[in-house]
Amino acid sequence: MQRDDLKTLLEGILAEMGAPEHAVHLERPRDPAHGDLATNVAMTLASRLRRPPRAIAEELRDRIPAGHPGIRAVEIAGPGFLNFRLTSGAIAETIVRILREGEVFGRGPGEGRKVNIEFVSANPTGLLHLGHGRQAALGDAIASLLEWTGWDVHREFYYNDAGRQIERLAESVRARYEQHFGREVELPEDGYHGSTVREIAEAFADVEGDRWLDDESGHGLEVMREFAVDRLRAEQDRDLNAFGVRFNLYFLESSLYEDGRVDRTVEALRASGNVYEKDGATWFASSRFGDQKDRVMIKSDGSATYFLPDVAYHITKWERGFEDAINVQGADHHGTVARVRAGLQALGLPEGYPEYVLHQMVTVERDGQEVKFSKRAGDYTTLRDLIEEVGTDVTRYFFLMRKPEAHLVFDLDQALDQSDTNPVYKVKYAHARMCSILRKAAADDAEFLTVDPQGLALERLDHPAERELIQQLGSFPDVVARAAEARAPHLICEVLEQTAGQVNAWYHAGNPSRDPELAVLHPDPELRSARLALTRAVRTVLANGLGLLGLEAPERMVRA
RNA sequence: GUCCCCGUAGCUCAGUCGGAUAGAGCGACCGCCUCCUAAGCGGUAGGUCGCAGGUUCGAAUCCUGCCGGGGACACCA
């Protein structure tokens with residue numbers, strides 16, 4: 001008897017009662033006194049059947065066959081809730097399922113539809129900052145969630161390697177380069193002042209010497225631009241690798257100009273009849289498609305605004321077969337959403353394409369005070385700084401544990417703490433602890449680790465802590481499905497923390513100094529085997545959840 | 001001014017389809033202790049869910065208005 005079985009049973013009975021196709025929601029009540037599963041159907045059905053909720057509940061209860069396997073009791077409570085108490089055996093079936101499915105427990109079927117997830121997409125004009133880090137963690141986790149729920153996921157990084165910003169970068173490098181050789185030149189007005197540009201200029205000087213000081217060929221700026229972009233891309237890749245994020249494709253904005261896609265987009269937009277000239281510029285009538293106002297697409301100096309390559313880029317996504325596309329971006333890009341969608345809609349793509357996950361900013365606090373620590377004087381805090389400070393897994397987890405649309409306060413004190421008060425360690429400890437018990441058990445009898453759970457006396461796991469823990473484990477696939485649907489990795493953090501908390505409480509309750517009867521390694525072989533099966537199930541769920549978020553599930557903790 | 005997001009315990013936050021007495025972690029307070037190796041364990045206190053209306057059997061959740069915080073509103077990217 002699993003939840004789905006009960007749901008089917010209830011739906012059948014409802015059909016007999018004159019309410020076919022009525023959605024039955026079964027959930028695990030917060031309060032254990034309300035049973036193992038509960039439903040509010042009697043209340044949601046009250047108006048449809050024109051009967052009081054409690055009367056419906058009573059009929060429903062009476063129609064459930066007495067002694068139905070797995071059901072121990074059915075109770076009516078409150079305004080008309082139906083509370084089900086299941087037998088220990090029914091609950092323990094979850095363990096069998098978890099151990100049979102192993103590392104795929106939590107994965108859903110899905111039809112393998114293609115989805116493109118674009119994230120990070122930093123300009124190659126500096127090192128990755130904390131916002132990029134949050135985006136890297138979020139994008140990667142959302143990608144994994146969709147993979148877990150059966151999507152064919154493609155991770156993509158879009159490089160804005162064309163345009164004015166890159167020119168500013170090149171000009172800044174040239175200024176630093178000339179300064180390096182003692183010339184009195186100023187950085188451009190809107191140039192980059194950080195130390196990164198100086199390092200690039202010095203590296204360039206090391207490689208090329210002073211031969212571009214008096215640039216007779218006129219190619220100097222271009223050479224510097226390429227050098228700087230290559231260099232920064234390499235630096236960013238280094239950080240992304242360290243962060244454990246891999247992309248299927250790095251898409252270069254410059255390629256959109258090279259292969260004529262930007263020009264073709266202009267033509268297509270003109271052909272759509274939504275383009276007009278005004279004040280010497282070319283405008284796109286995005287307000288016709290829900291944008292707040294029309295936007296310039298070609299400036300009066302003849303150059304394109306960012307809008308054009310952005311639309312051209314998304315057209316390529318569509319043409320590459322991605323009917324679903326998700327862009328993970330900082331909330332400061334909010335303003336571009338409507339106009340890009342408008343452009344795409346004018347070209348025949350569906351309304352609302354692509355989907356956006358916009359996340360809020362990250363601030364770092366220590367001692368309740370915001371800190372801007374940077375190992376590079378005068379620069380912002382980089383992702384690299386943070387990873388070096390607290391480690392990859394902690395950084396990833398902290399970036400994921402809040403919902404994207406909420407501002408994220410990164411608490412350095414908590415991040416640096418290696419005790420259970422740090423949620424990352426709490427979950428890892430719980431996993432390592434299960435591994436530790438299993439090692440110990442295997443030393444006595446290795447068979448415990450592989451025995452088929454089907455034949456075990458799992459119904460003996462009837463302590464409240466065990467029943468609740470098992471049901472918590474059983475909810476994991478639902479949480480994964482819901483988190484994927486809502487693009488909300490923080491729900492996985494939530495369920496992992498809850499599970500780890502229950503696991504630790506269960507484990508500690510069996511401490512010899514407290515209640516040896518609850519010890520996993522109980523002298524009674526039947527009970528011990530059942531608890532070891534639960535231990536394996538816990539390890540499986542924690543490992544799957546950690547893996548889904550891109551974190552290590554350590555078999556033993558090593559003091560850092 | 002217009003648009004988007006946020007406002008829940010001292011702090012950081014869950015609470016997505018409206019449901020039972022609004023939850024967790026940290027911190028605080030009170031106990032215990034060295035334990036199936038785990039940088040501890042158990043318990044207690046702590047709330048006008050920003051405010052005011054509305055919808056309904058029922059609202060933290062949905063609707064409207066207001067207040068407060070953040071962000072976006074270029075021929076920038």
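Every value quoted in this text rests on a predicted model; they were computed, and no experiment measured them. In what follows, chains are A, B, ... by sequence order, proteins preceding strands, each numbered from 1.
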Original post:
Does A:A509 or A:R339 map to a spot on RNA chain B nearer the 5' end, using the closest nucleotide for each?
Top reply: A:A509
Subject >> Chi class for B:C17: syn within 90° of 0, otherwise anti >> reply: syn
Original post:
Going by modelled atom types, is there a donor-acceptor pair between the base of B:A20 and the side chain of A:N83 at under 3.5 Å?
Top reply: yes
Original post:
Going by atom types only, do A:E277 and A:T282 share a side-chain donor-acceptor pair under 3.5 Å?
Top reply: yes
Original post:
How is A:L491 classified with respect to the nucleic acid when contacts are heavy atoms under 4.0 Å: base, sugar-phosphate, or nothing?
Top reply: base
**OP:** Using the P atom on both, measure B:C30 against B:A20 and round to a whole Å.
**Re:** 35 Å
Subject >> Side-chain donor-acceptor pair present, A:N327, A:H314, cut-off under 3.5 Å >> reply: yes
Subject >> Atom P, compared across B:C41 and B:A60: separation rounded to whole Å >> reply: 34 Å
Original post:
Side chains of A:Q471 and A:D36: do they bring a donor and an acceptor to under 3.5 Å?
Top reply: yes
**OP:** For nucleotides B:U44 and B:C4, find the distance between their C1' atoms and express it as a whole number of Å.
**Re:** 42 Å
**OP:** Check every atom of B:C6, B:A74, B:C36 against the side chain of A:E405 and return the nucleotide holding the closest atom.
**Re:** B:C6
**OP:** Rounded off to whole Å, could you give me the CG-to-P distance for the A:D417 and B:A38 pair?
**Re:** 18 Å
**OP:** With the side chain of A:S419 defined as its heavy atoms from C-beta on, choose the nearest nucleotide among B:C13, B:U16, B:A39.
**Re:** B:A39
**OP:** Flag as yes if A:H34 stacks onto the base of B:A20 (centroids under 5.5 Å, planes under 30°), otherwise no.
**Re:** yes
Original post:
Taking atom types as modelled, is there a side-chain donor on A:H407 or A:T363 under 3.5 Å from an acceptor on the other?
Top reply: yes
Original post:
What's the CD1-P distance between A:I492 and B:A24, to the nearest Å?
Top reply: 21 Å
Subject >> Check: A:R487 side chain, B:U16 base, donor-acceptor under 3.5 Å >> reply: no
**OP:** In whole angstrom, give the distance that lies between atom CZ of A:F410 and atom P of B:C13.
**Re:** 13 Å
Original post:
With a cut-off of 6.0 Å (strictly less than), are more than 12 heavy atoms of other residues, nucleotides or ligands near CD of A:E485?
Top reply: no
Original post:
Could you give the CD1-to-C1' distance, from A:I437 to B:C35, as a whole number of Å?
Top reply: 13 Å
Original post:
Stacking between A:F81 and the base of B:G19 (centre distance under 5.5 Å, interplanar angle under 30°)?
Top reply: no
Original post:
When the distance from NE2 of A:H490 to P of B:A24 is rounded to whole Å, what number comes out?
Top reply: 17 Å
**OP:** Using whole Å, report how far CD of A:E494 lies from C1' of B:U12.
**Re:** 12 Å
Subject >> C1' gap between B:C13 and B:C49, integer Å >> reply: 13 Å
**OP:** Give the nucleotide from the list B:C3, B:C75, B:G19 with an atom nearest to the side chain of A:T44.
**Re:** B:G19
**OP:** Ignoring hydrogens and angles, state whether a donor on the side chain of A:N160 or A:Y306 is under 3.5 Å from an acceptor on the partner side chain.
**Re:** yes
Original post:
Do A:D332 and B:G71 have a side chain to base donor-acceptor pair shorter than 3.5 Å?
Top reply: no
Original post:
Once you round it to whole Å, what is the distance between C1' of B:C4 and CD of A:Q329?
Top reply: 14 Å
**OP:** Round to the nearest Å and state the distance from A:M401 atom CE to B:C13 atom P.
**Re:** 9 Å
Subject >> Runs of at least three Watson-Crick or G-U pairs with RNA chain B, cut-off 3.5 Å >> reply: B:1-7 with B:67-73, B:10-13 with B:23-26, B:28-32 with B:40-44, B:50-54 with B:62-66
Original post:
Is the phosphate of B:G25, meaning OP1 or OP2, less than 4.0 Å from a side-chain N or O of A:K426?
Top reply: no
Original post:
Do any side-chain nitrogens or oxygens of A:S436 fall under 4.0 Å of OP1 or OP2 in B:U37?
Top reply: yes
**OP:** Output yes when at least one side-chain N/O atom of A:H508 is less than 4.0 Å from OP1 or OP2 of B:C41, else no.
**Re:** yes
Original post:
Are A:E517 and A:H522 close enough that a side-chain donor and a side-chain acceptor fall under 3.5 Å?
Top reply: yes
Subject >> hbond_proxy A:Y429 side chain to B:A39 base (donor-acceptor, 3.5 Å cutoff) >> reply: yes
Original post:
Closest to the A:M43 side chain: B:C75, B:G19, B:U37?
Top reply: B:G19
Original post:
More 5' along RNA chain B: A:P79 or A:V520, using each one's nearest nucleotide?
Top reply: A:P79
**OP:** Take atom C1' in B:A24 and the same atom in B:G47, then report the distance between them in whole Å.
**Re:** 15 Å
Original post:
Taking the same atom, P, in B:C6 and in B:U16, what whole-Å distance lies between them?
Top reply: 12 Å
**OP:** Using a 4.5 Å cut-off on heavy atoms from C-beta on, say whether the side chain of A:K426 contacts that of A:N504.
**Re:** yes
Subject >> Pair A:T421, A:D417: side-chain N/O donor-acceptor within cut-off below 3.5 Å >> reply: yes
Subject >> Proximity to the side chain of A:Q360 - top-ranked nucleotide from B:C3, B:G70, B:A39 >> reply: B:G70
**OP:** Please determine, for the side chain of A:R556, which listed nucleotide (B:U37, B:C75, B:G19) has the closest atom?
**Re:** B:U37
Original post:
Distance check: side-chain N/O of A:K403 vs OP1/OP2 of B:C5, anything under 4.0 Å?
Top reply: no
Original post:
A:T282 side chain N/O closer than 4.0 Å to the phosphate oxygens (OP1, OP2) of B:C75?
Top reply: no
Original post:
What distance, rounded to whole Å, do you find between the two P atoms, one in B:A22 and one in B:A9?
Top reply: 14 Å
Subject >> Distance-only polar pair, side chains of A:T125 and A:N123, donor-acceptor under 3.5 Å >> reply: no
Original post:
Any idea which of B:G70, B:C75, B:C13 is nearest the A:R402 side chain?
Top reply: B:C13
Original post:
Does one side chain, of A:E118 or A:S121, offer a donor that lies under 3.5 Å from an acceptor on the other?
Top reply: yes
**OP:** State whether A:Y507 places a side-chain N or O below 4.0 Å from either non-bridging phosphate oxygen (OP1 or OP2) of B:A38.
**Re:** yes
Original post:
Considering only the P atoms, how many Å lie between B:U12 and B:G70, rounded to the nearest integer?
Top reply: 15 Å
